[in-house]
Participant: 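Here it is, the structure, as structure tokens.
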Amino acid sequence: MEMSERQMIQEILNTVDVIYNFENIDEDTNEYTILINRQNGDVRDLNVINDEMKKYFKEADFDYKEEVEPVEVDADIRVQIKR
């Protein structure tokens, strides 16, 4: 059984071990905006976390655009992905 895009996204985010919420989902255009936060006690640098996520999403053929420490939302990283 093939995974849906959303399942694949969740699998990647669980692998990177972050807390996430979907801010916006547009299944017609396959675009997703996700708010990412470090888990309590996670001391990894945000750029390290971002690089790891970017690697997995690129391997899964997603376009990847990130904002580290976005000002207007309560998140460590905001990611926009599209397939």
Participant: Are D63 and K82 close enough for a salt bridge, meaning some N to O gap below 4.0 Å?
Facilitator: no
Participant: Any link between L35 and I25 through a network of hydrophobic side chains (Ile, Leu, Val, Met, Phe, Trp, Tyr) touching at under 4.5 Å?
Facilitator: no
Participant: Calculate, to the nearest 0.5 Å, the distance between atoms CD and OG belonging to Q10 and S4 respectively.
Facilitator: 7.0 Å
Participant: Decide yes or no on side chain to side chain contact (heavy atoms under 4.5 Å, CB included) for F62 and I9, but give the supporting numbers first.
Facilitator: CA-CA 10 Å; F62 282 93; I9 292 165; 4.0 Å; yes
Participant: For V48, give me all partners under side-chain contact (heavy atoms from CB on, under 4.5 Å), at least two apart in sequence or on another chain.
Facilitator: D45
Participant: If you round to the nearest 0.5 Å, how far is CG of D61 from CE of M8?
Facilitator: 9.0 Å
Participant: How about CG on N14, more than 12 heavy atoms from neighbouring residues, nucleotides or ligands closer than 6.0 Å, or not?
Facilitator: yes
Participant: Measure across P70 and A75 and return the closest heavy-atom pair with its distance rounded to 0.1 Å.
Facilitator: CD-O, 3.5 Å
Participant: In terms of heavy-atom contacts, does NZ of K65 have more than 12 from other residues, nucleotides or ligands at under 6.0 Å?
Facilitator: no
Participant: Is any side-chain heavy atom of I19 closer than 4.5 Å to one of R38?
Facilitator: no
Participant: So, using salt bridge (charged side-chain N to carboxylate O under 4.0 Å, His left out) as the criterion, who are the partners of E72 when residues are at least two apart?
Facilitator: R78
Participant: Within the structure provided, determine whether V79 and T33 are in side-chain contact (heavy-atom separation under 4.5 Å).
Facilitator: no
Participant: Just wondering, do K54 and Y56 contact through their side chains at under 4.5 Å, heavy atoms?
Facilitator: no
Participant: With heavy-atom distances below 4.5 Å as the criterion, would you say the side chains of E23 and I34 are in contact?
Facilitator: no
Participant: Starting from F57, can I reach I49 by hopping between I/L/V/M/F/W/Y residues whose side chains sit under 4.5 Å apart?
Facilitator: yes
Participant: Looking at Q80, E5, E27, which one forms a side chain to side chain donor-acceptor pair (under 3.5 Å) with Y32?
Facilitator: E5
Participant: From K58 NZ over to D51 CG, what is the distance, rounded to the nearest 0.5 angstrom?
Facilitator: 11.5 Å
Participant: Mind checking whether V18 and N37 have side chains closer than 4.5 Å, heavy atoms only?
Facilitator: no
Participant: Quick one: salt bridge (charged side-chain N to carboxylate O under 4.0 Å, His left out) partners of R44, sequence neighbours excluded?
Facilitator: D42, E52
Participant: Report yes if some heavy atom in the side chain of L46 is under 4.5 Å from a heavy atom in the side chain of N50; otherwise report no.
Facilitator: no
Participant: Is the terminal nitrogen or CZ of R6 (NZ for Lys, CZ for Arg) located under 6.0 angstrom from the six-membered ring centre of F22 and within 45° of that ring's axis?
Facilitator: yes
Participant: If you round to the nearest 0.5 Å, how far is CE of M53 from OG1 of T15?
Facilitator: 12.0 Å
